[in-house]
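These notes are about the structure you will find just below.
Numbering of ligands and ligand atoms starts at 1, following listing order. Computed from a predicted structure; not experimentally measured.
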Amino acid sequence: MTAHAALDLRDLGLDRGGHILVLRALRELGPGRPLAVTGGHPDLGLQLSVMAREGGHSVTENTGTSPGERKTFTVVAGPALDARARGAARAGSAVHSRDHRGVSDRADERWGVAARGAMVEAGAPRWDFSLDRAEVVWTDDAKKLYAQAAAAQWDPETAIPWDAPITHPPAVEEAVVQVMTYLVENENAALLVPARFLGRIHPHYREVVQLMAIQIADEARHVEVFTRRALLRSSEMALSTAGGQRSLQTLFEETDFVLATMLLSVLGEGSFVDLLRFLHEHGPDEVTRTIADLTARDESRHVAAGMAHVRWAIEQQPQDRGRIRSAIEQRHQALQHTSGLNAEVYDALVLLAAGSFEPEDIARGFDAVQALQRRMLEGRTRRLARLGFSESEAESLAGLHTRNFM
Ligand SMILES: [Fe+2]
Ligand SMILES: [Fe+2]
């Protein structure tokens with residue numbers, strides 16, 4: 001036999017890390033090539049034979065080669081040193097390119113929660129992620145939108161001037177509490193709808209999962225700040241109506257990812273941005289105005305994410321446009337016998353824009369809320385048109401959106 005590679009473990013046993021050195025030397029040599037392992041650990045022979053049995057290697061004791069207590073063994077690596085030879089396979093590619101070719105069209109159930117690009121050992125369990133196709137969940141914009149969201153996170157404790165003076169009359173404060181009560185229930189729905197989908201999306205599409213997770217964190221913050229603003233001077237929240245909740249329940253019950261994204265983010269959150277900008281302009285105190293400004297910025301990102309998702313889905317499956325049309329019509333039918341926006345919220349918005357109970361001011365406030373509703377309608381029409389709906393269809397579908405705004 002020719003001189004072969006040698007490893008001296010000294011007194012180190014395989015029970016204290018010696019296996020790392022043996023495996024490293026075997027990998028360097030490759031399968032089939034002998035390695036002489038010398039050491040003084042009393043159980044070395046037993047330990048090497050256990051390791052050889054588990055790893056498919058062979059081991060023999062050399063006689064009369066070492067002085068004293070030290071012994072030498074010849075270890076030859078079996079063919080399964082490499083993970084690939086043990087049946088492991090790559091979970092797709094680790095990086096994604098601009099045109100999604102780096103992510104797989106379909107994520108394998110055996111990849112499970114493994115990092116994208118990891119070697120997944122044979123025998124790993126199968127995971128049931130029902131949203132496992134790129135054509136449904138992917139968007140090239142997810143990575144960029146996630147990065148923007150991560151950079152734009154704000155701390156409610158420090159970003160909002162909670163101690164700013166509140167000098168308006170109690171009736172105006174009551175209007176603020178009513179609007180905040182309404183906002184919280186909408187935010188609860190906006191948090192729960194994506195949260196229900198999140199656990200169904202295959203983590204192979206990690207940028208999408210990250211984007212949705214940070215969006216959910218945004219909504220958690222919105223729930224907090226609207227609640228805190230409501231209770232800043234009041235000890236109680238105001239009214240939640242049956243019609244408002246029914247509208248939100250239809251979002252909650254939508255089980256199709258593309259349709260839920262369309263209804264919630266493109267149409268609902270789109271209109272919500274207009275509402276928050278209205279509150280930024282007409283809020284009677286700095287706390288309300290600051291909250292409205294910060295949440296509107298977050299919501300604009302949610303709308304951008306929704307648009308990116310739906311645009312992508314329609315590009316992959318143009319028939320989705322027809323499904324979207326039906327979903328908007330069906331939701332309209334389901335809600336047509338409900339009152340939509342609660343009258344208390346409407347009147348509260350009028351009062352906030354009026355700033356007083358003078359009839360002229362109330363008239364101005366009323367006009368401002370009417371203008372808000374027109375802006376919401378125009379915004380929905382514009383977004384539908386950008387998704388490829390004809391001008392007249394965009395207009396009629398935008399008009400079918402819930403009177404509850406979301
Ligand atoms: Fe929100
Ligand atoms: Fe949102």
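- Of all N, O or S atoms in H222, the one lying closest to the Fe ion (ligand 1) is ND1.
- Shown are I160, V179, V184, D285; of these, the side chain to side chain contact (heavy atoms under 4.5 Å, CB included) with R229 is made only by D285.
- Classified by interplanar angle (parallel below 30°, tilted 30° to 60°, perpendicular above 60°), the ring pair W138/Y205 is tilted.
- The only option from F129, W127, W111 that meets the ring pair (Phe, Tyr, Trp, His ring centres under 6.0 Å) definition with H204 turns out to be W111.
- Within E219, the N, O or S atom lying nearest to the Fe ion (ligand 2) carries the name OE2.
- When distances to the Fe ion (ligand 2) are checked against a cut-off of 2.8 Å, D298 contributes no N, O or S atom below that limit.
- By the 4.0 Å N-to-carboxylate-O rule, R200 lies too far from D132 to be salt-bridged with it.
- Taking the charged nitrogens against the carboxylate oxygens, R126 and D108 have no contact shorter than 4.0 Å, which rules out a salt bridge.
- For H302, the nearest N, O or S atom to the Fe ion (ligand 2) falls under 2.8 Å.
- Residue side and main chain included, E269 places an N/O/S atom under 2.8 Å of the Fe ion (ligand 2).
- H309 and F257 have their aromatic ring centers within a separation under 6.0 angstrom.
- Residue E187: no N/O/S atom is found under 2.8 Å from the Fe ion (ligand 2).
- Taking the N/O/S atoms of E299 in turn, the shortest distance to the Fe ion (ligand 1) belongs to OE2.
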